Chemist: 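Please read through the structure below; I'll follow up with questions.
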Amino acid sequence: MRIYNSDGSEPEMCGNGIRCLARFVAEKDNAGPRQYKVSTGAGLIQPDLLADGQVCVDMGEPILEAERIPTTLPATQGSTAVQAPLQVAGQEWLVTCVSMGNPHAVVFGTKQGNLKLSDIDVRALGPQFETNSVFPKKTNTHFVEVLDKGHVQVSVWERGAGQTLACGTGACAIVVAGVLEGQTDRTCQVDLPGGPLIIEWRESDNHIYMTGPAELAFRGITEV
């Protein structure tokens with residue numbers, strides 16, 4: 001699977017895209033519940049089409065080492081940048097960095113406390129995080145409001161795409177960051193503008209499992 005952003009750049013992976021791909025192939029094959037193996041820029045990913053139409057994806061293990069994400073933010077918890085301070089738009093934000101094969105900066109708050117999404121101007125802040133020099137390959141950025149430890153709400157700014165309705169790899173990164181910060185449980189509902197995802201960071205194998213829907217939006221023909 002190869003993905004292209006609206007600006008023509010090619011990300012390593014797309015969590016929402018891989019759910020849609022599994023559902024599309026299953027409908028083409030007229031197949032019931034089954035598992036697929038999909039080669040991506042982030043490695044081999046395995047989506048499972050479930051009996052209820054949801055798709056559960058084994059997203060693999062998160063990458064936590066700051067230099068592999070990559071970011072030059074200081075490692076504050078072992079080799080991981082957890083609640084690392086970053087100056088953006090005249091304010092110091094606390095940023096946790098996670099890679100799911102692609103880079104993510106997760107922001108739960110500042111030194112003054114946790115975020116309220118109603119206070120966040122994603123269109124103004126997103127580009128300043130994305131292109132900040134501490135992210136050599138740019139970054140996806142997620143602003144997170146904690147409703148409780150099993151439920152968060154998110155606004156998304158995607159690298160190369162801008163403000164979007166959802167980001168599957170980002171939802172995974174958010175739960176990993178939440179666990180590292182003590183903000184969330186290992187299983188958590190992530191509410192994105194496009195709908196909820198259930199994310200589990202499984203202790204037994206260190207893999208992250210993303211479960212959510214994939215539905216036909218339209219069919220069409222285009223000339224290339």
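As the structure is a computational prediction, the values presented were derived from the model and not from experiment.
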Chemist: To the nearest 0.5 Å, what is the distance between CG on N16 and CD on E158?
Modeler: 7.5 Å
Chemist: Please determine, by modelled atom types, if Q35 and D58 share a side-chain donor-acceptor pair under 3.5 angstrom.
Modeler: no
Chemist: Between R159 and E130, is the closest basic N to carboxylate O distance under 4.0 Å?
Modeler: no
Chemist: Decide yes or no for Y36 and V25: does some side-chain heavy atom of the first lie under 4.5 Å from some side-chain heavy atom of the second?
Modeler: yes
Chemist: Do S9 and D7 have a side chain donor and acceptor closer than 3.5 Å?
Modeler: yes
Chemist: Are V57 and I45 packed together at the side-chain level, in the sense that at least one heavy-atom pair is separated by less than 4.5 angstrom?
Modeler: yes
Chemist: Under the 4.5 Å side-chain heavy-atom rule for ILVMFWY, direct or indirect, which residues accompany L147?
Modeler: none
Chemist: Would a distance-only check, ignoring hydrogens and angles, find a side-chain to backbone donor-acceptor pair under 3.5 Å from E65 to S79?
Modeler: no
Chemist: Looking at CG of L49 and CZ of R19, how far apart are the two atoms once the value is rounded to the nearest 0.5 Å?
Modeler: 12.0 Å
Chemist: Is a side-chain donor or acceptor of D121 paired with a backbone partner of A124 at a separation under 3.5 angstrom?
Modeler: yes
Chemist: Taking everything shown except R202 itself, do over 12 heavy atoms lie less than 6.0 Å from its CZ?
Modeler: yes
Chemist: Between T80 and V82, is there a donor-acceptor pair closer than 3.5 Å when you use the side chain of the first and the backbone of the second?
Modeler: no
Chemist: Between W93 (side chain) and V88 (backbone), is there a donor-acceptor pair under 3.5 Å?
Modeler: yes
Chemist: What's the shortest heavy-atom distance between C97 and I69, and which atoms?
Modeler: O-CD1, 3.2 Å
Chemist: How far does CG of L197 sit from CG of L192, to the nearest 0.5 angstrom?
Modeler: 5.5 Å
Chemist: Among Q46, E200, M13, H207, whose side-chain contact (heavy atoms from CB on, under 4.5 Å) with M59 holds?
Modeler: M13
Chemist: Is there a donor-acceptor contact under 3.5 Å linking the side chains of H142 and S155?
Modeler: no
Chemist: Which value, rounded to the nearest 0.5 Å, describes the distance between E12 atom CD and R2 atom CZ?
Modeler: 12.5 Å
Chemist: State whether the side chain of D148 and the backbone N or O of H151 hold a donor-acceptor pair below 3.5 Å, judged by distance alone.
Modeler: yes
Chemist: Can you tell me how far apart OH (Y4) and CD (E10) are? Round to the nearest 0.5 Å.
Modeler: 4.0 Å
Chemist: First locate atom CZ of R186, then atom OH of Y209, and finally report the distance between them rounded to the nearest 0.5 Å.
Modeler: 12.5 Å
Chemist: Does T139 reach the main-chain N or O of T141 with its side chain, forming a donor-acceptor pair under 3.5 Å?
Modeler: no
Chemist: Is there side-chain contact between W201 and P62, with heavy atoms separated by less than 4.5 Å?
Modeler: yes
Chemist: Applying ring pair (Phe, Tyr, Trp, His ring centres under 6.0 Å), can you list everything that pairs with F108, at least two apart in sequence or on another chain?
Modeler: none
Chemist: With a 4.5 Å cut-off on side-chain heavy atoms, are V55 and L50 touching?
Modeler: no
Chemist: Would you check if F129 and V95 make a side-chain contact, meaning some heavy-atom pair closer than 4.5 Å?
Modeler: yes
Chemist: Is the side chain of T131 donor-acceptor paired with the backbone N or O of P127 at a distance under 3.5 Å, no angle test?
Modeler: yes
Chemist: Ignoring hydrogens and angles, state whether a donor on the side chain of T211 or Q54 is under 3.5 Å from an acceptor on the partner side chain.
Modeler: no
Chemist: P33 and A51: which non-hydrogen atoms are nearest, and at how many Å?
Modeler: CG-CA, 3.6 Å
Chemist: With side chains defined as the heavy atoms from C-beta onward, is the minimum distance between P196 and V190 less than 4.5 Å?
Modeler: no
Chemist: So, D191 and Q153: side-chain donor and acceptor under 3.5 Å apart, yes or no?
Modeler: no
Chemist: Quick one: does L86's side chain get under 4.5 Å of V134's, heavy atoms only?
Modeler: yes
Chemist: Please determine, by modelled atom types, if E181 and T96 share a side-chain donor-acceptor pair under 3.5 angstrom.
Modeler: yes
Chemist: With a 4.5 Å heavy-atom cut-off, do N5 and P11 have their side chains touching?
Modeler: yes
Chemist: Answer yes or no: is there a donor N or O on one side and an acceptor on the other, between the side chain of D185 and the main chain of T187, under 3.5 Å?
Modeler: no
